[in-house]
Amino acid sequence: MVKKGAGDKKLVYFVFPADSAFDGAHEILKTLKKYHARASFFLTGNSLRMKEHYDVIMQIVKAGHYLGGHSDRHILYAPWDDRDRLIVSADSLRSDFRRNMAEIARFGVDTDNLDYFLPPYEWYNAESVRIVEELGQITVNYTPGIRTAADYTIPEMSSYKSSQELIDQLYEFESANSLDGCIVLIHPGTHPARTDKLYRRLGEILKYLKRKGYGFERIDFGN
């Protein structure tokens with residue numbers, strides 16, 4: 001299980017996971033190109049099968065970003081209130097993983113050389129991590145303490161966080177801890193009820209961090 005890269009390099013690893021909602025992909029790619037940044041996209045089979053996503057996924061691959069798995073059907077591995085309990089069978093998890101890899105392979109990616117897998121809903125347990133390792137990949141997740149992953153919340157939720165709140169928290173974390181080796185997760189697609197899309201502010205985040213000396217790379221920790 002990996003939640004952070006080596007802390008001796010001033011690199012930030014942005015990851016963009018998506019199921020069917022992928023409306024920000026084109027904008028994100030343009031922003032990454034502008035700032036000479038590389039990143040990692042983790043997509044479900046659901047996303048990979050959607051015809052309207054085909055062109056932008058090919059752009060992700062051609063631009064040299066990482067394209068990895070996020071499960072095939074975006075299944076939940078463990079209950080929200082009991083992470084230790086697996087609620088899918090090991091065989092079902094393996095089958096779902098392999099279908100996800102088959103969909104990625106359609107885009108010309110050699111899945112035998114993929115090292116990292118982001119669990120659906122970013123929710124996992126020791127058993128799901130073990131099964132994914134058995135299948136040849138390492139489970140990754142965002143660095144604890146960084147709250148940008150809350151960009152999926154909508155105003156009706158008590159847990160709602162605006163993009164400005166998430167950006168402020170990211171900068172506060174950086175000031176207190178540095179972001180060397182950190183994995184920062186931003187959703188490239190969110191519920192229509194959330195009009196305040198964090199991905200639309202990716203440019204200002206990259207500009208701010210670049211001024212502080214950070215570089216931006218796809219996930220590759222030398223495993």
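Only this structure's heavy atoms are used, side chains among them; waters, hydrogens and symmetry mates stay out.
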Is there a donor-acceptor contact under 3.5 Å from the side chain of [X] to the main chain of [Y]?
{"X": "His53", "Y": "Ser47", "answer": "yes"}
{"X": "His70", "Y": "Leu118", "answer": "yes"}
{"X": "Asn100", "Y": "Leu43", "answer": "yes"}
{"X": "Glu103", "Y": "Leu48", "answer": "no"}
{"X": "Thr148", "Y": "Leu185", "answer": "yes"}
{"X": "Glu133", "Y": "Thr139", "answer": "no"}
{"X": "Ser40", "Y": "Arg218", "answer": "no"}
{"X": "Arg194", "Y": "Asp151", "answer": "yes"}
{"X": "Tyr142", "Y": "Ala149", "answer": "no"}
{"X": "Asp96", "Y": "Ser71", "answer": "no"}

When you look at CZ of Arg94, are more than 12 heavy atoms from neighbouring residues, nucleotides or ligands closer to it than 6.0 Å?
yes
Does atom OH (Tyr208) have a neighbourhood of more than 12 heavy atoms from anything else shown, all under 6.0 Å?
yes
Hey, does the Lys NZ or Arg CZ of Arg83 hover above the aromatic six-ring of Tyr124, less than 6.0 Å from the centre and inside 45° of the axis?
yes
Side chains of [X] and [Y]: do they bring a donor and an acceptor to under 3.5 Å?
{"X": "Asp168", "Y": "Gln164", "value": "yes"}
{"X": "Asp196", "Y": "Ser162", "value": "no"}
{"X": "Asp23", "Y": "Tyr199", "value": "yes"}

Is the gap between the ring centers of Phe42 and Tyr66 under 6.0 Å?
yes
Taking the six-membered ring for Trp, are the ring centroids of Tyr121 and His74 within less than 6.0 Å of each other?
yes
Kindly state each residue pair satisfying salt bridge (charged side-chain N to carboxylate O under 4.0 Å, His left out) with at least one member in residues 28-41, sequence neighbours excluded.
Arg38-Glu217
Hey, could you give me each pair passing salt bridge (charged side-chain N to carboxylate O under 4.0 Å, His left out) that has a residue in residues 7-22? Not counting sequence neighbours.
Lys10-Asp180
Could you see if [X] belongs to whatever hydrophobic cluster contains [Y]? Use Ile, Leu, Val, Met, Phe, Trp, Tyr and a side-chain cutoff under 4.5 Å.
{"X": "Leu114", "Y": "Phe107", "answer": "yes"}
{"X": "Val184", "Y": "Tyr171", "answer": "yes"}
{"X": "Ile138", "Y": "Leu135", "answer": "yes"}

So, for Met50 and Asn46, which heavy atoms are closest and what is the spacing to 0.1 Å?
CG-O, 3.1 Å
Yes or no on side-chain contact (heavy atoms from CB on, under 4.5 Å) for Ile131 and Phe97, after CA distance, side-chain angles and deciding distance?
CA-CA 10 Å; Ile131 292 169; Phe97 176 94; over 6 Å; no
Check step by step if side-chain contact (heavy atoms from CB on, under 4.5 Å) holds for Phe14 and Leu202.
CA-CA 10 Å; Phe14 281 90; Leu202 177 63; 4.2 Å; yes
